[in-house]
Amino acid sequence: MRKNIVAGNWKMNKNVIEAQQLMFQLLEYKKNNAANCEVWIAPPSLYLMMARDLYENNEIGVFAQDMSEHESGAYTGEISAGMLESIEATGTLVGHSERRQYHGETDAACNKKVKRALDMGLTPIYCNGETLDQRKAGQHLEVVKNQTEEALFTLSAEELKKVVIAYEPVWAIGTGETASPEQAQEIHAHIRSLIAAKYGQEVADEISILYGGSVKPDNAKEIFSQPDIDGGLIGGAALKMDDFAKIIEGFNS
Ligand code: 13P
């Protein structure tokens with residue numbers, strides 16, 4: 001179901017004490033403030049169980065940053081969908097650009113991961129987005145189209161409705177350079193129209209599409225106000241409670 005979401009991707013940051021502290025702060029914040037959006041976090045996998053135990057009433061969604069495309073077996077260093085399901089994680093990121101860039105993750109692999117996650121009742125947040133060179137060459141619409149189709153369009157309509165998409169232009173991640181609200185809206189509307197063309201408008205209207213890339217307290221509200229933007233996937237600004245709170249409040253009128 002389409003909903004407003006603010007999700008924090010902690011990437012490879014924070015030791016256990018710092019992670020626990022921020023998780024507590026988030027819980028306190030959620031208890032004391034009526035957020036107009038779902039609040040999710042994707043801490044390093046080492047801390048997932050701690051988050052799961054702390055958020056026993058599902059106050060905050062608990063996501064892995066990645067998971068294996070394989071079911072189980074000799075894949076050193078990996079975690080599986082079954083393991084995430086067994087700790088009652090909410091879901092997992094799939095295809096983050098840093099996984100694509102540093103670990104050679106392809107859309108074919110993303111397709112397998114998305115399916116495995118769904119089979120285990122997990123919510124996949126499928127990430128896509130073009131590089132700076134692709135944007136400069138005017139290929140952004142095409143790149144995002146290919147990524148979306150290859151990773152998602154083998155799913156049934158019922159499966160697709162359970163996926164969250166995060167458009168994250170690679171040139172805007174961690175650079176301080178944000179896509180303008182109009183640039184982001186253009187791609188979000190494009191993704192939704194691709195889904196509508198294949199699955200119908202009703203399915204397209206049910207899918208949350210998040211924007212990621214240098215979302216900060218001072219630009220969140222304007223980005224979230226775009227008609228096809230349903231929230232944000234936040235990196236750096238999710239590491240400080242004050243900043244993350246202000247971004248969540250981007251959904252307050
Ligand atoms: P920043 O918000 O630090 O640009 O990171 C965005 C991101 O990659 C979230 O997944």
Side-chain angles (χ1 to χ4, degrees), residues 4-14 18-19 22 26 37-45 47-48 51 60-67 89-103 105 107 110 113-114 117 122-132 134-135 140 143-144 147-148 151 163-181 183-184 187-188 191 208-224 226 229-251:
N4 295 331
I5 300 159
V6 171
N9 173 9
W10 292 10
K11 307 192 180 184
M12 197 174 72
N13 290 294
K14 299 199 178 288
E18 295 161 345
L22 183 53
L26 263 167
C37 59
E38 300 262 330
V39 178
W40 296 351
I41 59 165
S45 52
Y47 310 142
L48 284 171
I60 291 165
V62 176
F63 285 72
Q65 296 176 9
D66 183 42
M67 57 157 236
T90 317
T92 182
L93 301 184
V94 173
H96 191 281
S97 65
E98 287 147 18
R99 301 294 314 172
R100 295 175 190 261
Q101 186 179 352
Y102 305 127
H103 302 273
E105 190 150 323
D107 279 308
C110 290
K113 291 183 182 196
V114 166
L122 302 166
T123 298
I125 305 178
Y126 170 66
C127 308
N128 61 13
E130 80 285 359
T131 62
L132 184 57
Q134 290 165 334
R135 165 121 339 221
H140 43 290
V143 167
V144 171
Q147 290 172 331
T148 305
V163 175
V164 171
I165 298 173
Y167 166 62
E168 299 203 309
V170 179
W171 48 273
I173 295 177
T175 59
E177 194 173 337
T178 324
S180 69
Q183 282 175 322
I187 302 271
H188 283 234
I191 294 171
S208 297
I209 308 178
L210 314 182
Y211 168 79
S214 298
V215 178
K216 305 284 180 221
D218 61 0
N219 61 22
K221 197 179 187 88
E222 198 186 355
I223 293 171
F224 298 166
Q226 300 298 312
I229 299 182
D230 304 304
L233 182 54
I234 321 299
L239 299 173
K240 286 199 205 123
M241 189 58 234
D242 284 356
D243 286 351
F244 198 52
K246 287 186 189 127
I247 291 172
I248 292 167
E249 287 154 19
F251 275 113

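Atoms within a ligand are numbered from 1 in the order they appear, just like the ligands themselves.
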Notebook entry, point to check: Quick check: does His96 get an N/O under 3.5 Å from an N/O on ligand 1?
Noted result: yes
Notebook entry, point to check: Going by the order shown, which atoms of ligand 1 are within less than 4.0 Å of some heavy atom of Gly213?
Noted result: 4 (O), 6 (C)
Item checked: ligand 1 contact by Ser97, heavy-atom criterion under 4.0 angstrom -> no
Margin query: Whether the side chain of Lys113 engages the backbone of Asp66 through a donor-acceptor N/O pair (distance < 3.5 Å, no angle test) should be reported.
Written below: no
Notebook entry, point to check: Looking at atom 9 (C) of ligand 1, what's its closest protein heavy atom, distance included?
Noted result: Glu168 OE2, 2.9 Å
Notebook entry, point to check: Is it true that a side-chain atom of His103 and a backbone atom of Glu105 form a donor plus acceptor pair closer than 3.5 Å?
Noted result: no
Checklist line | Shortest heavy-atom approach to atom 4 (O) of ligand 1 - which of Gly174, Gly8, Ala166, Gly235 | finding: Gly174
Check: Is there a nitrogen or oxygen of Thr175 sitting under 3.5 Å from a nitrogen or oxygen of ligand 1?
Finding: no
Checklist line | Side chains of His96 and Gln65, donor plus acceptor under 3.5 Å | finding: no
Checklist line | Gly236 N/O to ligand 1 N/O under 3.5 Å | finding: yes
Margin query: Once rounded to the nearest 0.5 Å, what's the spacing between atom CD1 of Ile209 and atom CD1 of Ile5?
Written below: 11.0 Å
Check: In terms of atom number and element, which parts of ligand 1 are under 4.0 angstrom from non-hydrogen atoms of Ala172?
Finding: 4 (O)
Check: What atoms of ligand 1 come closer than 4.0 angstrom to any heavy atom of Ser214?
Finding: 1 (P), 2 (O), 4 (O)
Item checked: Non-hydrogen atom of Ala237 closer than 4.0 Å to ligand 1 -> no
Next item on the list: Tell me, please: is Lys11 in heavy-atom contact with ligand 1, that is, under 4.0 Å?
Entry: yes
Item checked: Side chain, backbone, both or neither: Leu233 near ligand 1, heavy atoms under 4.0 Å -> both
Next item on the list: Using a strict 4.0 Å threshold on nitrogen-to-oxygen distance, state whether Arg100 and Asp107 make a salt bridge.
Entry: yes
Check: How long is the span from the OG1 atom in Thr148 to the CG atom in Asn128, to the nearest 0.5 Å?
Finding: 4.5 Å
Check: Does the Glu130 side chain pair with the main chain of Arg135, one donor and one acceptor, at a distance under 3.5 Å?
Finding: no
Next item on the list: Could you check whether the rings of His188 and Tyr167 sit parallel, tilted or perpendicular, using 30° and 60° as the cut-offs?
Entry: perpendicular
